[in-house]
Amino acid sequence: MTRIVIVEDELDIASVVQDYLRHAGYETVHFADGQSALEHIIASPPDLTLLDIMLPRLDGIEVLRRAREHTSHPIIMLTARIEEVDRLLGLELGADDYVCKPFSPRELVARVRAVLRRTVPPDDRDQSRQGTPGLVLDDVHWRASLEGTPLNLTRREFGLLQVLSRHPGRIFSRARLLELAYDDTMDVTERAIDSHVKNLRRKLGAVTPSHDWIRSVYGVGFAWEAPVQG
């Protein structure tokens with residue numbers, strides 16, 4: 001059964017969310033503070049985490065930051081902060097989606113289902129399709145490795161890598177990347193694409209510092225640059 005961790009210090013909200021998720025067929029675990037949740041997430045990563053930002057002991061942004069050092073499982077932020085800086089910070093750290101309070105429990109369940117569909121595509125069971133020598137993409141578990149080194153990508157970064165690497169040399173606009181890489185673009189902006197590309201470049205460059213895999217095309221977008229085979 002799909003296991004979802006709920007990190008929410010408002011017990012009334014947590015109780016309603018648990019009821020709706022359990023009714024939808026999910027197993028849930030609840031934590032009321034960030035530190036306890038982080039310890040659990042690191043020790044036993046769930047299939048998905050619902051993470052509030054305002055938490056005792058350790059706030060949600062810090063939980064997200066530390067969790068991403070250990071796991072790439074999908075994380076949906078629950079937040080009353082709607083300012084752009086908070087949204088972009090969460091995206092850069094690896095949040096997969098946002099739900100702003102107050103929210104409809106039914107909408108939240110729909111968001112959970114949408115993110116989980118991206119996590120395990122039902123019609124794709126090829127776990128190691130390879131479009132660029134040395135680059136392996138696991139589409140079922142949304143993992144990637146380069147020359148045998150795990151890249152530890154977020155879901156957003158994996159989606160970009162998936163689209164770009166399978167069309168070497170093709171130039172994609174930011175709008176087109178939004179359309180192809182993410183099936184739910186409600187909380188992703190063209191500006192955020194730049195942040196994800198920057199993080200993806202950094203992770204690829206840590207493995208192969210002599211090659212720049214993603215080419216920026218001024219005023220247009222980005223293209224995947226596979227190395228020339230001698």
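Not measured: the values here are computed from a predicted model. The chain is numbered in sequence order, starting from 1.
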Between [X] and [Y], which heavy-atom pair has the shortest distance, and what is it?
| X | Y | result |
| --- | --- | --- |
| Ile75 | Leu64 | CD1-CD1, 3.7 Å |
| Pro74 | Arg155 | CD-NH2, 3.0 Å |
| Phe222 | Leu164 | O-CD2, 4.0 Å |
| Met77 | Ile53 | CE-CG1, 3.6 Å |
| Pro150 | Gly148 | CD-O, 3.6 Å |
| Ala67 | Leu38 | N-CD1, 3.8 Å |

With the side chain counted from C-beta on, respond yes when [X] and [Y] share a heavy-atom pair under 4.5 Å apart, and no when they do not.
| X | Y | value |
| --- | --- | --- |
| Asp47 | Tyr26 | no |
| Ile41 | His70 | no |
| Val29 | Pro46 | no |
| Thr2 | Val112 | no |
| Val17 | Glu8 | no |
| Leu161 | Leu135 | yes |
| Met54 | Lys101 | no |
| Phe158 | Leu151 | no |

Interatomic distance, [X] atom [atom1] to [Y] atom [atom2] [nearest 0.5 angstrom]:
| X | Y | atom1 | atom2 | value |
| --- | --- | --- | --- | --- |
| Leu204 | His211 | CG | NE2 | 9.0 Å |
| Arg143 | Asn152 | CZ | CG | 10.0 Å |
| Leu51 | Ile6 | CG | CD1 | 12.0 Å |
| Leu153 | Leu146 | CG | CG | 10.0 Å |
| Asn199 | Arg156 | CG | CZ | 13.0 Å |
| Leu200 | Leu160 | CG | CG | 6.5 Å |

Exactly one of Val7, Leu108, Val99 clears side-chain contact (heavy atoms from CB on, under 4.5 Å) with Leu50, and that residue is Leu108

Residues pairing under salt bridge (Lys or Arg N to Asp or Glu O under 4.0 Å) where one sits in residues 197-207, two or more places apart or in two chains, turn out to be Glu157-Lys203, Arg201-Asp212

Residue pairs meeting salt bridge (Lys or Arg N to Asp or Glu O under 4.0 Å), one or both in residues 36-46, sequence neighbours left out, come to none

Those residues at least two apart in sequence (or on a different chain) that pass salt bridge (Lys or Arg N to Asp or Glu O under 4.0 Å) with Arg66 are Glu62

Sequence neighbours excluded, which residues qualify as salt bridge (Lys or Arg N to Asp or Glu O under 4.0 Å) partners of Arg57?
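With sequence neighbours excluded, Arg57 shows a salt bridge (Lys or Arg N to Asp or Glu O under 4.0 Å) to Asp33, given in chain and number order.
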
Cluster overlap [X] with [Y], hydrophobic side-chain contacts below 4.5 Å:
| X | Y | answer |
| --- | --- | --- |
| Val217 | Trp224 | no |
| Leu177 | Ile214 | yes |
| Val163 | Val220 | no |
| Leu48 | Val16 | yes |

Requested in this report: Determine yes or no for a side-chain-to-main-chain donor-acceptor pair under 3.5 angstrom, with Thr71 supplying the side chain and His73 the backbone.
Outcome: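 Present.
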
- Query: Got a sec, which residues hit ring-ring contact (aromatic ring centres under 6.0 Å, His included) with His167, two or more places apart in sequence or on another chain?
  - Reply: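 Only Phe172 meet the ring-ring contact (aromatic ring centres under 6.0 Å, His included) criterion with His167.
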
### Pairing residues for Phe31 by the ring-ring contact (aromatic ring centres under 6.0 Å, His included) criterion, not counting sequence neighbours
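Residues passing ring-ring contact (aromatic ring centres under 6.0 Å, His included) with Phe31: His40.
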
Do the side chains of Asp97 and Arg113 get close enough for a salt bridge, i.e. N-O under 4.0 angstrom?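 Salt bridge: no.
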
